[in-house]
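Below is one structure, written out as structure tokens; the observations come after it.
Since this is a predicted model, take the numbers as computed values, not measurements. We number each residue from 1, following the sequence as shown.
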Amino acid sequence: MATEPHGGTPADDTGAHRPHDAAHQDLLARWHTTLLAAREGAEGPDPAPYGRALLDRWAEPHRRYHGTDHLRAVLDHVDELAAHLPGPATTNGPADGPADGPTDGPADGPEVVAQAVPGNGRGLDPAAVRLAAWFHDAVYRPDRSENEERSARLAERALTEAGVPAARVAEVARLVRLTVTHDPADDDLNGAVLCDADLAVLAGTPEQYAHYAAEIRQEYAFVPDDAFRDGRSAVLRQLLGLPRLFRTAHARTRWEAQARHNLTTELALLSTG
């Protein structure tokens, strides 16, 4: 394999290496498990250099919200949502299982039994969704609009080199590109799980949401206050105008009401300056 896998970060685009603490090692272990599952027993290069290169990206110093804590949260939420789908679902996250919460209510449409079939448009492919979580913000510059496309192309290069089958690579790249709109089709369970996991931050406690909003503002510190208020308000109105923020039954039951409350509160605060 190449000395620096395609998942690596060029010298002019590198942040400081994240300390090799327990949380860092846990993420590397989760990456290792996910990549091996995605390869389906096929031979391939050592997963570790790819995981370390990705974590270097997630630890870039300009990131305040879109860092390793966000990556870990999305992976945890993917596991939580997968555990609440009908049929068998496995996780490679924390061993204590999903958080306690209300029982799922009825879905708006038929639920789909989870099954590991990449790219079939219906069943859940946990390995593809987890890989998409790893790559969905792998390239992130708040002053650029092509982050998702660049992240998807990085996934295509790195995962092909790392030995992931072509069909699953294509599905991962599709899912990464889907995070531009967070608008999966009704029968897209992979997309629903990834998008719901990515948007779960909107449903935090008021204190957690305020912390998230402050970190977003820090990432856009280069934008003047008036322009930021206008742009952020437009984003919040777009989200509030959606018929539903979350697509899976568990996410709608557990997160929808709180997320709408948080978005409405932030919009009101922005409106008062």
Check your understanding: If you round to the nearest 0.5 Å, how far is OG1 of T248 from NE2 of H84?
Key -> 10.0 Å

Check your understanding: If you group Ile, Leu, Val, Met, Phe, Trp and Tyr by side-chain heavy-atom gaps below 4.5 Å, do L154 and V180 land in one group?
Key -> no

Exercise for review: Could you list the residues that satisfy side chain to side chain donor-acceptor pair (under 3.5 Å) with Y209, not counting sequence neighbours?
Suggested key: E266

**Study point:** Set of side chain to side chain donor-acceptor pair (under 3.5 Å) partners for R64, sequence neighbours left out
**Key:** none

Exercise for review: List the atom of A38, the atom of P165, and the distance in Å for their closest heavy-atom pair.
Suggested key: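 Minimum heavy-atom separation between A38 and P165: O-CD, 3.1 Å.
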
Exercise for review: Could you please spell out the steps behind the side chain to side chain contact (heavy atoms under 4.5 Å, CB included) verdict for V193 and D196?
Suggested key: CA-CA 5 Å; V193 170; D196 283 4; over 6 Å; no

**Study point:** Side chain proximity check, V139 to R57, heavy atoms < 4.5 angstrom
**Key:** yes

Point to revise | R174, CZ atom: more than 12 neighbouring heavy atoms under 6.0 Å | key: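 Above 12, so yes.
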
Practice item. For the pair H250 and W255, name the ring-plane relationship: parallel under 30°, tilted 30 to 60°, perpendicular over 60°. Key: perpendicular

Exercise for review: Using the six-membered ring wherever Trp is involved, compare the ring planes of Y65 and H70 and label them parallel, tilted or perpendicular (cut-offs 30° and 60°).
Suggested key: tilted

Exercise for review: Take E219 and H62 through the side chain to side chain contact (heavy atoms under 4.5 Å, CB included) test and state the conclusion after the steps.
Suggested key: CA-CA 7 Å; E219 288 187 341; H62 65 273; over 6 Å; no

**Study point:** Residues that E215 engages under salt bridge (Lys or Arg N to Asp or Glu O under 4.0 Å), provided they are two or more places apart
**Key:**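 If we apply the salt bridge (Lys or Arg N to Asp or Glu O under 4.0 Å) test to E215, skipping adjacent residues, there are no hits.
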
**Study point:** side chain to side chain contact (heavy atoms under 4.5 Å, CB included) partner of F135, the single match among T179, L71, L159
**Key:**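 Going through the options one by one, the only one that passes is L159.
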
Check your understanding: Regarding D198 and H77, is there a side-chain donor-to-acceptor distance under 3.5 Å anywhere?
Key -> no

Check your understanding: Taking it one step at a time, do L189 and L85 satisfy side chain to side chain contact (heavy atoms under 4.5 Å, CB included)?
Key -> CA-CA 10 Å; L189 190 55; L85 293 171; 4.0 Å; yes

